[in-house]
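A short worksheet on the structure shown next.
Below, chain A is the first sequence line, B the second, and so on; all start at residue 1.
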Amino acid sequence: MLALGGIALAVGLAIGLAVLGAGIGQGLAANGVMNGMSRQPELAGRIQTGMIIALAFVESLVIFTLVLCFQLLGKLPDTNKMNVSGAATTTTMTQPLHRDAVAMGNNNLP
Amino acid sequence: MLENLTPLLAETKIEGEWWAPIVWTTVVFIVILVMGRIALTGMKEKLPKNPITLLGEHVYLFIENMCVSVIGPQGRKYIPFVFTVYMVVLFSNCLGLMGLFAPTATLGVTFGMAVLVVVYVQIEGVRANGPIGYVKHFFGPPLGWQLLPITLLLFVIEVVSEAAKMLSLSLRLFGNISGDEKVGSTLGGLIHVTPTFSVPLQTVLVPLGVFVAIVQALVFTMLTCVYLSMFTSHDEAHEAAH
(Lines give C-alpha, C1' and ligand atoms only; values in the text may rest on other atoms or scores of the structure.)
Protein backbone atom coordinates (compact mmCIF):
# COMPACT_ATOMS: atom_id res chain seq x y z
CA MET A 1 0.00 0.00 0.00
CA LEU A 2 2.80 2.36 0.89
CA ALA A 3 4.56 1.55 -2.37
CA LEU A 4 1.42 2.41 -4.31
CA GLY A 5 1.15 5.72 -2.47
CA GLY A 6 4.78 6.34 -3.29
CA ILE A 7 4.14 5.62 -6.95
CA ALA A 8 1.21 8.01 -7.03
CA LEU A 9 3.30 10.71 -5.39
CA ALA A 10 6.17 10.04 -7.78
CA VAL A 11 3.91 10.39 -10.82
CA GLY A 12 2.69 13.80 -9.72
CA LEU A 13 6.13 15.07 -8.74
CA ALA A 14 7.78 13.78 -11.92
CA ILE A 15 5.39 15.48 -14.27
CA GLY A 16 5.40 18.69 -12.24
CA LEU A 17 9.18 18.99 -12.12
CA ALA A 18 9.55 18.07 -15.78
CA VAL A 19 7.07 20.73 -16.85
CA LEU A 20 8.80 23.25 -14.58
CA GLY A 21 12.13 22.70 -16.29
CA ALA A 22 10.58 22.66 -19.74
CA GLY A 23 8.68 25.87 -19.10
CA ILE A 24 11.87 27.68 -18.14
CA GLY A 25 13.77 26.17 -21.07
CA GLN A 26 11.17 26.99 -23.68
CA GLY A 27 10.81 30.49 -22.25
CA LEU A 28 14.54 31.03 -22.64
CA ALA A 29 14.38 29.79 -26.22
CA ALA A 30 11.51 32.12 -27.00
CA ASN A 31 13.46 34.98 -25.40
CA GLY A 32 16.41 34.38 -27.71
CA VAL A 33 14.13 34.14 -30.71
CA MET A 34 12.38 37.42 -29.92
CA ASN A 35 15.72 39.16 -29.53
CA GLY A 36 17.07 37.72 -32.77
CA MET A 37 13.96 38.44 -34.79
CA SER A 38 13.82 42.05 -33.60
CA ARG A 39 17.45 42.66 -34.34
CA GLN A 40 17.36 41.23 -37.87
CA PRO A 41 13.83 41.00 -39.23
CA GLU A 42 15.03 39.74 -42.62
CA LEU A 43 16.16 36.45 -41.04
CA ALA A 44 12.85 35.93 -39.26
CA GLY A 45 11.93 32.84 -41.31
CA ARG A 46 15.11 30.93 -40.54
CA ILE A 47 15.04 31.94 -36.89
CA GLN A 48 11.45 30.75 -36.63
CA THR A 49 12.37 27.34 -38.05
CA GLY A 50 15.17 27.02 -35.54
CA MET A 51 12.84 28.00 -32.73
CA ILE A 52 10.34 25.28 -33.66
CA ILE A 53 13.07 22.66 -33.61
CA ALA A 54 14.49 23.85 -30.29
CA LEU A 55 11.04 23.87 -28.67
CA ALA A 56 10.39 20.36 -29.96
CA PHE A 57 13.61 19.09 -28.38
CA VAL A 58 12.82 20.58 -24.97
CA GLU A 59 9.27 19.30 -25.19
CA SER A 60 10.46 15.81 -26.01
CA LEU A 61 12.06 15.58 -22.57
CA VAL A 62 8.68 16.20 -20.99
CA ILE A 63 7.19 13.59 -23.32
CA PHE A 64 9.70 11.01 -22.02
CA THR A 65 8.50 11.75 -18.49
CA LEU A 66 4.90 11.53 -19.66
CA VAL A 67 5.48 8.06 -21.14
CA LEU A 68 7.13 6.98 -17.88
CA CYS A 69 4.15 8.30 -15.92
CA PHE A 70 1.70 6.40 -18.10
CA GLN A 71 3.65 3.23 -17.30
CA LEU A 72 3.53 4.01 -13.59
CA LEU A 73 -0.16 4.89 -13.67
CA GLY A 74 -0.81 1.44 -15.05
CA LYS A 75 0.58 -0.03 -11.85
CA LEU A 76 -1.89 1.82 -9.65
CA PRO A 77 -5.04 -0.11 -8.73
CA ASP A 78 -8.38 0.88 -10.13
CA THR A 79 -10.34 2.65 -7.38
CA ASN A 80 -13.66 1.50 -8.85
CA LYS A 81 -12.75 -2.09 -8.18
CA MET A 82 -11.72 -1.71 -4.54
CA ASN A 83 -13.73 -3.32 -1.77
CA VAL A 84 -15.16 -1.43 1.19
CA SER A 85 -11.93 -1.23 3.13
CA GLY A 86 -10.23 0.72 0.34
CA ALA A 87 -7.54 -1.90 -0.12
CA ALA A 88 -6.70 -3.07 -3.61
CA THR A 89 -8.33 -6.27 -4.69
CA THR A 90 -4.94 -7.80 -5.31
CA THR A 91 -4.24 -8.03 -1.57
CA THR A 92 -5.11 -11.14 0.40
CA MET A 93 -7.50 -9.48 2.84
CA THR A 94 -10.71 -11.41 3.29
CA GLN A 95 -12.36 -9.17 5.87
CA PRO A 96 -12.54 -5.40 6.02
CA LEU A 97 -10.18 -3.50 8.25
CA HIS A 98 -12.95 -2.18 10.41
CA ARG A 99 -14.35 -5.66 11.06
CA ASP A 100 -14.40 -5.22 14.82
CA ALA A 101 -16.11 -1.87 14.56
CA VAL A 102 -18.74 -3.43 12.31
CA ALA A 103 -19.22 -6.22 14.83
CA MET A 104 -19.62 -3.70 17.63
CA GLY A 105 -22.24 -1.84 15.67
CA ASN A 106 -24.32 -4.95 15.04
CA ASN A 107 -26.74 -4.63 17.93
CA ASN A 108 -30.46 -3.98 18.30
CA LEU A 109 -30.16 -1.04 20.62
CA PRO A 110 -32.01 2.03 19.40
CA MET B 1 16.28 -8.13 -16.19
CA LEU B 2 13.51 -9.25 -18.47
CA GLU B 3 10.88 -8.60 -15.83
CA ASN B 4 11.88 -4.95 -15.85
CA LEU B 5 11.25 -4.82 -19.57
CA THR B 6 7.71 -6.18 -19.29
CA PRO B 7 5.98 -2.86 -18.55
CA LEU B 8 7.67 -1.33 -21.58
CA LEU B 9 6.84 -4.36 -23.70
CA ALA B 10 3.27 -4.16 -22.49
CA GLU B 11 3.09 -0.71 -24.05
CA THR B 12 3.78 -2.29 -27.42
CA LYS B 13 0.54 -4.22 -27.08
CA ILE B 14 -1.82 -2.63 -29.52
CA GLU B 15 -5.27 -1.68 -28.42
CA GLY B 16 -7.18 -3.64 -30.99
CA GLU B 17 -5.84 -6.13 -33.44
CA TRP B 18 -2.24 -7.22 -33.85
CA TRP B 19 -2.36 -6.68 -37.60
CA ALA B 20 -3.44 -3.02 -37.38
CA PRO B 21 0.05 -1.42 -37.66
CA ILE B 22 1.05 -3.75 -40.49
CA VAL B 23 -2.10 -3.01 -42.49
CA TRP B 24 -2.03 0.73 -41.95
CA THR B 25 1.70 1.06 -42.63
CA THR B 26 1.10 -0.78 -45.90
CA VAL B 27 -1.69 1.70 -46.64
CA VAL B 28 0.79 4.55 -46.02
CA PHE B 29 3.32 2.96 -48.37
CA ILE B 30 0.70 2.48 -51.08
CA VAL B 31 -0.49 6.09 -50.75
CA ILE B 32 3.09 7.39 -51.02
CA LEU B 33 3.84 5.21 -54.05
CA VAL B 34 0.62 6.18 -55.82
CA MET B 35 1.25 9.87 -55.19
CA GLY B 36 4.80 9.48 -56.48
CA ARG B 37 3.57 7.79 -59.63
CA ILE B 38 1.02 10.57 -60.20
CA ALA B 39 3.74 13.17 -59.58
CA LEU B 40 5.96 11.50 -62.18
CA THR B 41 3.32 11.85 -64.90
CA GLY B 42 3.47 15.63 -64.59
CA MET B 43 7.21 15.75 -65.04
CA LYS B 44 7.08 15.69 -68.83
CA GLU B 45 6.39 19.44 -69.12
CA LYS B 46 8.95 22.11 -68.46
CA LEU B 47 6.67 24.00 -66.07
CA PRO B 48 4.58 21.35 -64.33
CA LYS B 49 0.99 22.19 -63.58
CA ASN B 50 -0.01 18.94 -61.90
CA PRO B 51 -0.55 19.90 -58.24
CA ILE B 52 0.92 16.65 -56.94
CA THR B 53 4.04 17.21 -59.04
CA LEU B 54 4.37 20.70 -57.58
CA LEU B 55 3.91 19.26 -54.08
CA GLY B 56 6.56 16.64 -54.72
CA GLU B 57 8.99 19.27 -55.98
CA HIS B 58 8.30 21.42 -52.91
CA VAL B 59 9.00 18.57 -50.51
CA TYR B 60 12.09 17.51 -52.47
CA LEU B 61 13.52 21.02 -52.33
CA PHE B 62 12.80 21.15 -48.59
CA ILE B 63 14.60 17.85 -47.95
CA GLU B 64 17.49 18.78 -50.24
CA ASN B 65 17.93 22.10 -48.41
CA MET B 66 17.92 20.29 -45.07
CA CYS B 67 20.44 17.66 -46.16
CA VAL B 68 22.85 20.08 -47.82
CA SER B 69 22.75 22.66 -45.04
CA VAL B 70 23.15 20.13 -42.21
CA ILE B 71 25.46 17.52 -43.75
CA GLY B 72 27.29 19.55 -46.36
CA PRO B 73 27.70 19.14 -50.12
CA GLN B 74 28.20 15.41 -49.79
CA GLY B 75 24.75 15.14 -48.22
CA ARG B 76 23.05 14.73 -51.57
CA LYS B 77 23.53 10.99 -51.60
CA TYR B 78 21.44 10.64 -48.44
CA ILE B 79 18.43 12.48 -49.85
CA PRO B 80 16.48 9.30 -50.86
CA PHE B 81 16.61 7.81 -47.37
CA VAL B 82 15.82 11.07 -45.59
CA PHE B 83 12.95 11.74 -48.01
CA THR B 84 11.48 8.31 -47.36
CA VAL B 85 11.77 8.73 -43.60
CA TYR B 86 10.07 12.12 -43.74
CA MET B 87 7.23 10.93 -45.95
CA VAL B 88 6.50 7.81 -43.90
CA VAL B 89 6.55 9.62 -40.55
CA LEU B 90 4.42 12.50 -41.85
CA PHE B 91 1.76 10.29 -43.42
CA SER B 92 1.65 7.94 -40.43
CA ASN B 93 1.17 10.87 -38.06
CA CYS B 94 -1.55 12.36 -40.23
CA LEU B 95 -3.47 9.07 -40.31
CA GLY B 96 -4.12 9.46 -36.60
CA LEU B 97 -5.56 12.92 -37.14
CA MET B 98 -8.12 11.59 -39.55
CA GLY B 99 -9.57 9.23 -36.98
CA LEU B 100 -7.95 6.13 -38.44
CA PHE B 101 -5.28 4.07 -36.74
CA ALA B 102 -1.97 5.92 -36.40
CA PRO B 103 0.92 3.46 -36.80
CA THR B 104 3.32 5.80 -35.02
CA ALA B 105 1.19 5.63 -31.88
CA THR B 106 2.57 2.10 -31.48
CA LEU B 107 5.92 1.81 -29.73
CA GLY B 108 6.88 -1.12 -31.95
CA VAL B 109 6.59 0.91 -35.14
CA THR B 110 8.56 3.90 -33.85
CA PHE B 111 11.22 1.68 -32.29
CA GLY B 112 11.62 -0.15 -35.57
CA MET B 113 12.05 3.11 -37.43
CA ALA B 114 14.56 4.41 -34.86
CA VAL B 115 16.61 1.19 -35.05
CA LEU B 116 16.53 1.42 -38.85
CA VAL B 117 17.75 5.02 -38.81
CA VAL B 118 20.58 4.33 -36.35
CA VAL B 119 21.75 1.21 -38.21
CA TYR B 120 21.65 3.10 -41.52
CA VAL B 121 23.76 5.89 -39.98
CA GLN B 122 26.32 3.33 -38.77
CA ILE B 123 26.49 1.74 -42.24
CA GLU B 124 26.93 5.12 -43.90
CA GLY B 125 29.63 5.96 -41.35
CA VAL B 126 31.53 2.83 -42.33
CA ARG B 127 31.05 3.62 -46.02
CA ALA B 128 32.23 7.19 -45.63
CA ASN B 129 35.22 6.74 -43.34
CA GLY B 130 36.17 3.10 -43.65
CA PRO B 131 35.98 0.63 -40.75
CA ILE B 132 39.03 2.03 -38.95
CA GLY B 133 37.83 5.62 -39.24
CA TYR B 134 34.40 4.50 -38.02
CA VAL B 135 35.86 2.98 -34.83
CA LYS B 136 38.18 5.94 -34.35
CA HIS B 137 35.14 8.20 -34.33
CA PHE B 138 33.97 6.57 -31.11
CA PHE B 139 37.17 7.39 -29.26
CA GLY B 140 36.65 11.12 -29.59
CA PRO B 141 39.39 13.68 -30.11
CA PRO B 142 43.00 12.43 -29.88
CA LEU B 143 44.32 13.19 -26.39
CA GLY B 144 47.70 12.28 -24.96
CA TRP B 145 48.57 8.94 -23.38
CA GLN B 146 48.13 10.55 -19.95
CA LEU B 147 44.39 10.91 -20.55
CA LEU B 148 43.86 7.28 -21.63
CA PRO B 149 41.19 6.58 -18.94
CA ILE B 150 39.19 9.52 -20.26
CA THR B 151 39.45 8.17 -23.79
CA LEU B 152 38.20 4.74 -22.70
CA LEU B 153 35.35 6.30 -20.72
CA LEU B 154 34.46 8.42 -23.74
CA PHE B 155 34.33 5.28 -25.89
CA VAL B 156 31.85 3.65 -23.52
CA ILE B 157 29.76 6.83 -23.38
CA GLU B 158 29.67 7.08 -27.17
CA VAL B 159 28.55 3.46 -27.56
CA VAL B 160 25.84 3.87 -24.92
CA SER B 161 24.69 7.09 -26.55
CA GLU B 162 24.04 5.17 -29.77
CA ALA B 163 21.57 2.98 -27.91
CA ALA B 164 20.18 6.09 -26.24
CA LYS B 165 19.61 7.59 -29.70
CA MET B 166 17.41 4.64 -30.61
CA LEU B 167 15.40 5.03 -27.41
CA SER B 168 15.06 8.79 -27.60
CA LEU B 169 14.05 8.86 -31.27
CA SER B 170 11.38 6.24 -30.76
CA LEU B 171 10.06 7.54 -27.45
CA ARG B 172 9.84 11.12 -28.67
CA LEU B 173 7.70 10.23 -31.69
CA PHE B 174 5.66 7.63 -29.81
CA GLY B 175 5.05 9.87 -26.80
CA ASN B 176 3.96 12.84 -28.84
CA ILE B 177 1.50 11.02 -31.08
CA SER B 178 0.08 8.55 -28.55
CA GLY B 179 -0.08 11.21 -25.84
CA ASP B 180 -2.13 13.38 -28.15
CA GLU B 181 -4.51 10.46 -28.75
CA LYS B 182 -4.79 9.67 -25.04
CA VAL B 183 -5.53 13.26 -24.09
CA GLY B 184 -8.13 13.36 -26.84
CA SER B 185 -9.87 10.25 -25.59
CA THR B 186 -9.77 11.53 -22.00
CA LEU B 187 -11.27 14.86 -23.00
CA GLY B 188 -13.91 13.16 -25.08
CA GLY B 189 -15.07 11.07 -22.15
CA LEU B 190 -15.39 13.93 -19.67
CA ILE B 191 -18.97 15.14 -20.18
CA HIS B 192 -21.53 12.44 -20.88
CA VAL B 193 -24.84 13.74 -22.19
CA THR B 194 -26.36 10.30 -22.63
CA PRO B 195 -24.74 6.95 -21.86
CA THR B 196 -23.58 6.63 -25.43
CA PHE B 197 -23.00 10.26 -26.42
CA SER B 198 -20.55 12.72 -24.89
CA VAL B 199 -19.63 16.28 -25.73
CA PRO B 200 -16.79 16.20 -28.28
CA LEU B 201 -14.33 18.34 -26.36
CA GLN B 202 -11.38 16.78 -28.13
CA THR B 203 -11.98 19.00 -31.17
CA VAL B 204 -9.93 21.72 -29.48
CA LEU B 205 -6.93 19.39 -29.83
CA VAL B 206 -7.16 19.10 -33.62
CA PRO B 207 -5.03 22.19 -34.48
CA LEU B 208 -2.47 21.15 -31.87
CA GLY B 209 -2.52 17.65 -33.33
CA VAL B 210 -1.79 18.95 -36.83
CA PHE B 211 1.06 21.05 -35.48
CA VAL B 212 2.51 18.16 -33.47
CA ALA B 213 2.29 15.75 -36.40
CA ILE B 214 4.18 18.04 -38.77
CA VAL B 215 6.76 19.17 -36.21
CA GLN B 216 7.51 15.63 -35.05
CA ALA B 217 8.06 14.48 -38.62
CA LEU B 218 10.41 17.44 -39.10
CA VAL B 219 12.28 16.72 -35.87
CA PHE B 220 12.71 13.03 -36.71
CA THR B 221 14.09 13.88 -40.14
CA MET B 222 16.29 16.67 -38.82
CA LEU B 223 17.79 14.32 -36.22
CA THR B 224 18.49 11.76 -38.94
CA CYS B 225 20.39 14.43 -40.88
CA VAL B 226 22.27 15.52 -37.75
CA TYR B 227 23.34 11.95 -36.93
CA LEU B 228 24.44 11.46 -40.54
CA SER B 229 26.49 14.66 -40.38
CA MET B 230 28.13 13.53 -37.12
CA PHE B 231 29.18 10.21 -38.63
CA THR B 232 30.28 11.38 -42.08
CA SER B 233 31.93 14.65 -41.09
CA HIS B 234 35.49 13.37 -40.96
CA ASP B 235 35.67 13.44 -44.73
CA GLU B 236 35.61 17.23 -44.70
CA ALA B 237 38.18 17.51 -41.96
CA HIS B 238 40.56 15.30 -43.92
CA GLU B 239 39.84 17.14 -47.16
CA ALA B 240 40.47 20.51 -45.52
CA ALA B 241 43.76 19.23 -44.13
CA HIS B 242 44.97 18.15 -47.56
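Of residues 39-55 of chain A, those residues lying under 4.5 Å from chain B by any heavy-atom pair are A:Ile52, A:Ile53. Scanning residues 23-38 of chain A against chain B with a 4.5 Å non-hydrogen threshold yields no residues.
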* To do: Could you go through the side-chain contact (heavy atoms from CB on, under 4.5 Å) check for A:Glu59 and B:Asn176 one step at a time?
  => CA-CA 9 Å; A:Glu59 196 167 317; B:Asn176 269 295; 4.2 Å; yes
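A:Phe57 places a side-chain heavy atom less than 4.5 Å from the side chain of B:Leu223. Side chains of B:Arg172 and A:Leu61 form no contact here, defined as non-hydrogen atoms less than 4.5 Å apart.
Contact between A:Ala56 and B:Val215 at its shortest, heavy atoms only, is CB-CG1, 3.8 Å.
Evaluation of the side-chain hydrogen bond (donor to acceptor under 3.5 Å, both in side chains) test over residues 91-102 of chain B, restricted to residues two or more places apart or in two chains, returns B:Asn93-B:Thr104. Within the structure, every pair that satisfies the side-chain hydrogen bond (donor to acceptor under 3.5 Å, both in side chains) test and touches residues 157-171 of chain B, not counting sequence neighbours, is listed here: B:Gln122-B:Glu162, B:Glu162-B:Lys165.
Atom OG of residue A:Ser60 and atom CG of residue B:Leu171 lie 10.0 Å apart, to the nearest 0.5 angstrom.
The environment of B:His192 atom NE2 is dense: over 12 non-hydrogen atoms of other residues, nucleotides or ligands sit within 6.0 angstrom.
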